[in-house]
Visitor: 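The structure is given below, and queries will be raised subsequently.
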Amino acid sequence: MPRGFFVLLMLAAPVGAAADEAAKPADTTGAFETAYAASFYEFDACGDGLSGRTYRRALSEKVAHCPFPADVKQRFVQRAAAQRQKSAKAMAKLIEDNGGLPVRLEGMTRTCREQSETPEYQAIRARLDAFSVGKLGVDGVVAAACDAAEINP
C-alpha cells in the first residue's frame with residue numbers, strides 16, 4: 001500500500017477510544033470522537049481546513065450540550081486535543097511525502113476538487129458557513145442525537 005494511505009488511516013482513527021464505552025451508550029462520546037477524527041480526512045486533507053475546524057467546533061459544542069456526565073465531556077475534550085496533535089503530525093507527513101496535499105486521497109473515487117464541487121459537499125459547506133456566522137445552530141450542523149452510533153457531516 002502507498003505510504004500516504006497509512007498516514008490517512010492515522011488521521012481517521014480516533015485517539016483513545018475505550019472498549020468500555022460500548023457498554024454504556026448513554027455515557028459515551030465514541031461517535032463524536034470518530035466524527036472528529038474523520039473530519040481531518042474529510043476536510044483538512046483535501047485543503048478545506050476552515051470547514052474542518054468549523055465542523056470540529058460544532059461537534060465540540062454539541063458534546064457540551066449533550067446530557068453526558070462531566071467526566072465524559074472532559075474525556076472528549078482531552079481526546080479531541082490529542083486527536084488534533086496526532087492529525088497535525090499526520091498532515092505534516094502527508095504534505096512532506098507528497099510535496100503538498102494530494103490531488104486524490106487514497107480510497108476516494110474522486111479528486112478533492114471533484115468532491116468539493118458535489119452538491120452534497122456544497123450543502124455541508126453552506127451549513128458550516130451559516131453556523132460560523134451564527135445563522136445556524138449546532139443542531140443544524142450536527143443533527144445526530146447525543147446517543148447516535150454514527151455521526152456524519
Side-chain angles (χ1 to χ4, degrees), residues 1-17 28-68 72-153:
M1 283 186 201
R3 189 175 194 175
F5 181 72
F6 292 112
V7 171
L8 293 174
L9 283 177
M10 288 174 46
L11 284 173
V15 172
T28 182
T29 57
F32 288 93
E33 292 173 28
T34 300
Y36 195 97
S39 71
F40 289 96
Y41 179 82
E42 294 172 33
F43 298 107
D44 300 60
C46 268
D48 194 1
L50 179 59
S51 290
R53 287 187 300 278
T54 303
Y55 181 65
R56 290 187 291 277
R57 182 168 57 95
L59 284 168
S60 296
E61 285 185 26
K62 179 79 174 210
V63 168
H65 289 97
C66 285
F68 296 124
V72 172
K73 290 179 181 183
Q74 183 57 35
R75 185 178 61 223
F76 173 82
V77 170
Q78 291 168 341
R79 289 181 177 172
Q83 184 66 55
R84 284 190 304 275
Q85 291 177 351
K86 175 183 173 184
S87 294
K89 290 178 185 174
M91 288 290 294
K93 182 76 171 142
L94 181 66
I95 290 168
E96 180 183 319
D97 289 349
N98 289 290
L101 291 173
V103 172
R104 180 188 317 263
L105 297 173
E106 198 67 42
M108 288 179 65
T109 58
R110 303 177 195 163
T111 66
C112 290
R113 181 182 175 110
E114 289 168 342
Q115 178 67 25
S116 70
E117 293 173 350
T118 64
E120 297 84 10
Y121 193 89
Q122 291 299 313
I124 292 166
R125 282 294 311 269
R127 289 194 319 268
L128 292 170
D129 289 346
F131 173 73
S132 71
V133 296
K135 292 183 178 179
L136 184 65
V138 70
D139 289 330
V141 176
V142 184
C146 293
D147 62 353
E150 184 176 317
I151 299 173
N152 295 304

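Everything numeric here is computed off the predicted structure, so don't read it as measured data.
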Visitor: Starting at CG of Asp139, measure out to NE2 of His65 and round the result to the nearest 0.5 Å.
Guide: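 Here the rounded value is 8.5 Å.
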Visitor: Which value, rounded to the nearest 0.5 Å, describes the distance between Glu120 atom CD and Ile124 atom CD1?
Guide: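 Glu120 CD to Ile124 CD1: 8.0 Å, rounded to 0.5 Å.
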Visitor: So do Ser132 and Arg57 actually touch side chain to side chain, heavy atoms under 4.5 Å?
Guide: yes
Visitor: Minimum heavy-atom separation for Leu136 to Phe131, with atom names?
Guide: O-CD1, 3.3 Å
Visitor: At what distance, to the nearest 0.5 angstrom, does OG1 of Thr29 lie from CZ of Arg79?
Guide: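 The distance works out to 6.5 Å.
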Visitor: Nearest 0.5 Å, please: how far is OG in Ser116 from CD in Gln122?
Guide: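 Between Gln122 CD and Ser116 OG, I get 6.5 Å after rounding to 0.5 Å.
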Visitor: Between Leu101 and Ile95, is any pair of side-chain heavy atoms under 4.5 Å apart?
Guide: yes
Visitor: Report the distance from atom CD of Glu117 to atom CZ of Arg113, rounding to the nearest 0.5 Å.
Guide: 5.0 Å
Visitor: Determine whether Phe43 and Leu128 make a side-chain contact, defined as any pair of heavy atoms from C-beta on separated by less than 4.5 Å.
Guide: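 Phe43 reaches Leu128 side chain to side chain.
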Visitor: Just so I know, are the side chains of Glu33 and Leu59 near enough to count as touching, which here means a heavy-atom distance under 4.5 Å?
Guide: no
Visitor: Can you name the nearest heavy-atom pair linking Lys62 to Cys146, along with the distance?
Guide: CE-SG, 4.4 Å
Visitor: What's the shortest heavy-atom distance between Ala45 and Cys112, and which atoms?
Guide: O-SG, 4.5 Å
Visitor: Let's go through Asp44 and Arg56 carefully: what are the C-alpha distance in whole Å and the side-chain angles of both, what is the deciding distance for salt bridge (charged side-chain N to carboxylate O under 4.0 Å, His left out) to 0.1 Å, and is it a yes or a no?
Guide: CA-CA 11 Å; Asp44 300 60; Arg56 290 187 291 277; 2.9 Å; yes
Visitor: Should Arg125 and Asp48 count as an ion pair when the cut-off is N to O under 4.0 Å?
Guide: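 Looking at Asp48 together with Arg125, the answer is yes, because their closest N to O distance falls below 4.0 Å.
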Visitor: For Ser87 and Tyr41: C-alpha separation, side-chain torsions, deciding distance, then whether side chain to side chain contact (heavy atoms under 4.5 Å, CB included) applies.
Guide: CA-CA 9 Å; Ser87 294; Tyr41 179 82; over 6 Å; no
Visitor: Side-chain contact, heavy-atom cut-off 4.5 Å: Cys66 with Phe32?
Guide: yes
Visitor: Taking atom CZ of Phe68 and atom NZ of Lys73, what is their separation to the nearest 0.5 Å?
Guide: 8.5 Å
Visitor: Side chains of Glu42 and Pro153: closer than 4.5 Å at any heavy-atom pair?
Guide: yes
Visitor: Is the shortest side-chain heavy-atom distance between Gln83 and Phe40 below 4.5 Å?
Guide: yes
